[in-house]
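Notes to accompany the following structure.
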Amino acid sequence: MQNRIIYILVLLISVISYGQVNLTVTPDKTTYNGKDVVNLSIVLEISGSEYNPQTKLRLPDFSKFNLIGTGSVNNAFMDPETNTVVSQSVTRLALEPKQNGKLKIGSFLITINNKIYKTEPFEILVKDVERKTSVAANTSKDVYLNMEIEDREVYQDQPTVAVLKVYSRNMDNFRKIRNIHLPEQENLDVFPISFAKSEIDPSDNGSMASQILAVFMVFPNEAGYVDIPGVSASLNSYAHKDHLVSNKVKINVKKLPEGSPECFKNAVGNFNVSVANISKEKVEVKKPMNVLVKVTGEGNLKSMELPKIAASPDYEVFAPKITSRVMVGTEGMKGEVLANYLVIPKKAGEITIKTEHFAFFDPLNKEYVDLGEQSLAVNAFSHDQILESRTTVEKVNEYTNTFLETVNTPVLKTTSFKVKEKNKFHWNILFTNIAILLALFIAYLGFKTWQRKKRSVKETAIPQSIGSIAETEQEIRENLKTDVNDYFSYLENLKDNSDYEKFFQTFEELDREVRKQYSEDASADFGKALEYQNGPAVTEEYRSLIQRVQIEKYAPVKSLDAIDELLIAIVNLYSRISK
């Protein structure tokens, strides 16, 4: 009798405990087409308050699917029959199959009161989508594109990396893919990372092989569910040219958290801001200076709004020239963006140039970072202070230039160099080159004739021979003399082609040639010789031009107008001092 009572109690306990935790998974159907979305419903039902989940719901291996959406809801109610609390959690998953055929979905796991509960694995069937083609023998039936995005939940203006793959039963089709066009849409900014094809990856079951065609980065600029259009490509064969389009991918773009600073615009990532004066000369009132604002870091560098230089009554600021050195990779967009501002001080003394307040959102720490304003302190000098700091020669040169620019005298009338159009043929250069070649040829014939005469005459005085050689060398040097007009035309072509490095190298060659005209030794004191021949005013003009050339040569940003003015000054001066 006692054994029967124990048996009945054990049976009742097992019946009562049975069904306290119930975990089930149900698909919306078992057969899908290639473009259908697989919807799964996972229901966890717990009866009794003594059961506490110790882990979150663990998902099975979804390597053959793209997880495009998730959602969950929790409910709790009182069971009137058993008078116990029943809590129910329903989770919905939306999956996108990566391949066709029978796909296995594994077990969902959860740990409750040190006990693991799991669902039974099951299979679904994904059928191939029938493609309508105008040609019966169309190879695109065996080829399709698939776009994969691993991170489908990002913040606004936060990047996500997309991978384009091609699948085919015939590996020969992989080399026929051409003309890949990345998606374009107003609410997306797309930047390519790589178009290098990967090695062919054979499939597990031997039916379809795959290859990576392109990797690119997507920056969504609006919140909500965003559809990324498919990537298009062409399949070129000997007989046909087919158009392929990949699948669309939906991503969840989260809205940025509330509480952003007032200075926050659209910068998402991690950045630093700096400001610097890159002008080489002293800062003078009412004279422009170059101020560089540099933003470095990682994030949406190419689409973010850069911090501007704040307005102030102490200076005037003009629109900047933007340059960027940015690298796009699988880790993100890194580099720097430079804004070169032209700033004109309005008063003398200490001036503080400030940027606007700048803030960005850090998606890793999920917080806003306010960098505040960046400032640059400069000391501006008045024109009188600049003159006082100059040497006597510099003052004389300044007064002379002012006189020549303002007073038009009949003797010292200034002329301007008119740059010829680029497409006009320079006949003077052609005739000059022909003349130089003829002179070299005549000198060569004369030299060969002199050698033949020397060999034919046995008794020739040594001083006479030396004198003949010296005269011949002098004649050759005179024939090899380069016309400075050739340098002027060549400098003009280099300026039009924006080859500034070669421009300044050619100017140095011109300067050496002109120096040699005054002395055999180009390194001799050219200033004294020039002053003896042309006077102190021209000598001081030459020194100022050399300084100006050095400033323009090492300037970080070359201005076409400044190079034009420099070329005019070079032509005006060297055409006068060249012999």
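Numbering of residues begins at 1 and proceeds along the displayed sequence.
Remark: K254 qualifies as a cation-pi partner of Y155 under the 6.0 Å distance and 45° angle criteria applied to the six-membered ring.
A salt bridge does not link D362 to K366: none of the charged side-chain nitrogens sits closer than 4.0 Å to a carboxylate oxygen. For K354 and E373, the salt-bridge test passes: some basic side-chain N is under 4.0 Å from an acidic carboxylate O. One finds a salt bridge joining D314 and K347 here, because a Lys/Arg side-chain nitrogen approaches an Asp/Glu carboxylate oxygen to under 4.0 Å. With respect to E552 and K280, no salt bridge is recorded, no charged nitrogen being found less than 4.0 Å from a carboxylate O. At a threshold of 4.0 Å, the pair E565-R548 counts as salt-bridged, since one of the basic side-chain nitrogens sits closer than that to a carboxylate oxygen. Salt bridge annotation for R152-E96: present, with a cationic side-chain nitrogen under 4.0 angstrom from a carboxylate oxygen. Using a 4.0 Å cut-off between charged nitrogen and carboxylate oxygen, K302 and D189 do not count as a salt-bridge pair. Note on E541 versus R576: salt bridge recorded, some NZ/NE/NH1/NH2 to OD/OE distance being below 4.0 Å.
Between I177 and L213, some side-chain heavy-atom pair lies under the 4.5 Å cut-off. Residues I212 and L164 fail the side-chain proximity criterion, which asks for heavy atoms closer than 4.5 Å. Contact annotation: the side chain of E509 approaches that of Y487 to within less than 4.5 Å [non-hydrogen atoms, C-beta and beyond]. Side chains of L510 and I570 form a contact here, defined as non-hydrogen atoms less than 4.5 Å apart.
The shortest heavy-atom contact between A380 and I351 is CB-CD1, 4.0 Å.
For the side chain to side chain contact (heavy atoms under 4.5 Å, CB included) with L573, the qualifying choice from V538, N534, I568 is V538, the only one to do so.
Without hydrogens or angle criteria, T160 side chain to D151 main chain gives a donor-acceptor distance under 3.5 Å.
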